[in-house]
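Here's the structure, in structure tokens; my notes come after.
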Amino acid sequence: MAAELTILSGGLSTELEAAGFLIQGDPLWSARLLHTNPQAVKTVHTNFLHSGANVLSTATYQASIEGFKQHLGLNFEEAANLFTVAVCQAKESSDAFIRQHAETRKMLIAGSIGPYGAFLHDGSEYTGSYVKDMSIEELKDWHRTQMQCLAAAGVDLFAFETIPSLKEAEALVQLLREFPNNKAWLSYSCQLARFYR
């Protein structure tokens with residue numbers, strides 16, 4: 001029996017920067033393009049599919065309702081809609097690729113969710129230092145809305161990415177139980193001497 005190989009899409013922001021978009025230093029990172037240029041995100045997704053990917057991660061790593069409200073001046077409904085835009089860009093890329101290439105690979109859309117520190121835009125997404133002042137319930141409350149938006153938009157799974165603390169990982173795993181129809185992967189960002197609980 002042959003093992004099934006799954007190829008994930010690559011660094012979305014890296015590819016957007018290579019295409020000439022200014023991402024570094026932006027508090028929304030690549031998520032800003034969901035509002036200003038969603039076609040650019042779709043183009044990168046298509047490029048990943050041409051490179052063999054069969055899992056596309058949405059441009060929502062640094063996205064949040066609060067971030068969209070704060071940095072784009074959107075209301076709740078408009079901010080929530082950008083999560084739908086993110087999922088639609090990935091799905092449309094995948095659907096078009098399948099039609100054009102008579103593709104038989106199973107394609108999946110992973111709703112990217114970064115750590116709370118990504119919203120803070122102060123580098124703490126690499127250290128997890130913020131969890132010392134937050135409870136697991138507060139972390140769950142923060143991530144819940146983003147997960148609800150992505151689930152409602154139809155992601156196949158969640159991608160909890162570069163989580164820097166055990167406490168935040170525990171919060172996300174507990175929160176995942178509220179979404180029984182979704183699976184997830186979780187990746188850590190670790191510092192050997194400073195892994196915050």
Side-chain angles (χ1 to χ4, degrees), residues 8-9 11-13 16 23 26-45 48 53 55-95 107-121 124-125 130-131 134-164 168-187:
L8 309 179
S9 58
L12 186 65
S13 293
L16 288 166
I23 305 291
D26 190 316
L28 295 175
W29 210 23
S30 58
R32 180 177 296 276
L33 293 176
L34 297 171
H35 183 65
T36 61
N37 194 340
Q39 181 59 46
V41 174
K42 189 174 183 178
T43 298
V44 172
H45 285 318
F48 285 137
V55 179
L56 295 176
S57 294
T58 59
T60 52
Y61 173 89
Q62 204 142 331
S64 66
I65 298 295
E66 285 306 310
F68 287 145
K69 288 165 70 175
Q70 206 175 94
H71 300 292
L72 296 175
L74 303 179
N75 63 34
F76 181 91
E77 291 77 21
E78 293 166 331
N81 184 59
L82 289 183
F83 286 90
T84 302
V85 170
V87 175
C88 285
Q89 294 306 303
K91 281 186 174 186
E92 288 172 11
S93 296
S94 177
D95 292 347
M107 305 294 187
L108 298 173
I109 308 302
S112 178
I113 296 177
Y116 172 71
F119 164 74
L120 298 175
H121 194 60
S124 62
E125 70 265 30
Y130 53 88
V131 301
M134 297 181 78
S135 69
I136 284 184
E137 288 306 313
E138 288 172 317
L139 289 163
K140 286 167 63 175
D141 289 344
W142 169 257
H143 288 292
R144 184 177 286 110
T145 305
Q146 283 75 248
M147 290 174 67
Q148 288 170 336
C149 290
L150 288 166
V155 295
D156 296 301
L157 69 156
F158 297 114
F160 303 134
E161 301 190 275
T162 66
I163 304 303
E168 191 164 12
E170 288 173 358
L172 286 163
V173 170
Q174 287 180 24
L175 187 55
L176 184 61
R177 294 184 185 120
E178 296 178 18
F179 299 85
N181 296 323
N182 292 96
K183 294 184 180 191
W185 79 67
L186 187 146
S187 67

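These numbers come from the heavy atoms of this one structure, side chains and all, not from hydrogens, waters or symmetry mates.
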Checklist entry - Which pair of non-hydrogen atoms, one from A40 and one from L16, has the smallest distance, and what is that distance? => result O-CD2, 3.7 Å
Checklist outcome for this item: With I113 as partner, the option from T60, L186, L150 fulfilling side chain to side chain contact (heavy atoms under 4.5 Å, CB included) is L150
Checklist outcome for this item: One should read off an interatomic distance between L56 CG and M107 CE, to the nearest 0.5 angstrom, of 7.5 Å
Checklist entry - Roughly how far, to the nearest 0.5 Å, is NZ of K183 from CG of L176? => result 10.5 Å
Next on the checklist: Working to the nearest 0.5 angstrom, can you tell me the gap between L172 CG and I136 CD1?
Outcome noted: 10.0 Å
Checklist entry - Does the side chain of L12 come within less than 4.5 Å of F48's, by heavy atoms? => result yes
Next on the checklist: To check you understand the geometry: which heavy-atom pair defines the closest contact between A79 and K69, and what is its length?
Outcome noted: CB-CG, 4.4 Å
Next on the checklist: Could you tell me if the side chain of V155 sits less than 4.5 Å from the side chain of F179, heavy atoms only?
Outcome noted: no
Checklist entry - Which value, rounded to the nearest 0.5 Å, describes the distance between E125 atom CD and E161 atom CD? => result 12.5 Å
Checklist entry - Can you check whether A59's main-chain N or O pairs, donor with acceptor, with S112's side chain at less than 3.5 Å? => result no
Checklist entry - Does some side-chain heavy atom of S64 sit less than 4.5 Å from a side-chain heavy atom of W142? => result yes
Checklist entry - Can you find a heavy atom in the side chain of E77 that is under 4.5 Å from one in the side chain of N81? => result no
Checklist entry - Can you say whether the rings of F119 and Y116 are parallel (under 30°), tilted (30 to 60°) or perpendicular (over 60°)? => result tilted
Checklist outcome for this item: Nearest heavy-atom contact between I65 and C149 is CD1-SG, 4.2 Å
Next on the checklist: Please give me the minimum heavy-atom distance between P115 and Y61, naming the atom from each residue.
Outcome noted: CD-OH, 3.3 Å
Checklist entry - To the nearest 0.5 Å, how far apart are CZ in R177 and NZ in K140? => result 8.0 Å
Next on the checklist: So which atom in A63 and which in F68 form the shortest heavy-atom distance, rounded to 0.1 Å?
Outcome noted: CB-CZ, 3.6 Å
Next on the checklist: Could you tell me if the side chain of L175 sits less than 4.5 Å from the side chain of R144, heavy atoms only?
Outcome noted: yes
Checklist entry - Do the side-chain N and O atoms of S13 and S30 include a donor-acceptor pair separated by under 3.5 angstrom? => result yes
Checklist entry - Looking only at heavy atoms, which two atoms of Q89 and P38 are closest? And how far apart? => result OE1-O, 3.1 Å
Checklist entry - So do Y130 and E168 actually touch side chain to side chain, heavy atoms under 4.5 Å? => result yes
Next on the checklist: Would you say that F158 contacts Q146 through its side chain, given a criterion of any heavy-atom pair below 4.5 Å between the two side chains?
Outcome noted: no
Next on the checklist: As an exercise, state the distance from CG of D95 to CD1 of I109, rounded to the nearest 0.5 Å.
Outcome noted: 8.0 Å
Checklist entry - Given the rule in the side chain to side chain contact (heavy atoms under 4.5 Å, CB included) test, do Q62 and H121 qualify, once you have shown the distances and angles that lead to the verdict? => result CA-CA 9 Å; Q62 204 142 331; H121 194 60; 3.7 Å; yes
Checklist entry - So, the side chain of E78 versus the backbone of N75: is there a donor-acceptor pair under 3.5 Å, distance only? => result yes
Checklist entry - Looking only at atom types and distance, does a side-chain atom of T84 sit under 3.5 Å from a main-chain N or O of A153, one as donor and one as acceptor? => result no
Checklist entry - Heavy-atom distance under 4.5 Å between the side chains of H35 and V85, does that happen here? => result no
Item to check | Check: V87 main-chain N/O paired with T58 side-chain donor or acceptor under 3.5 Å | outcome: no
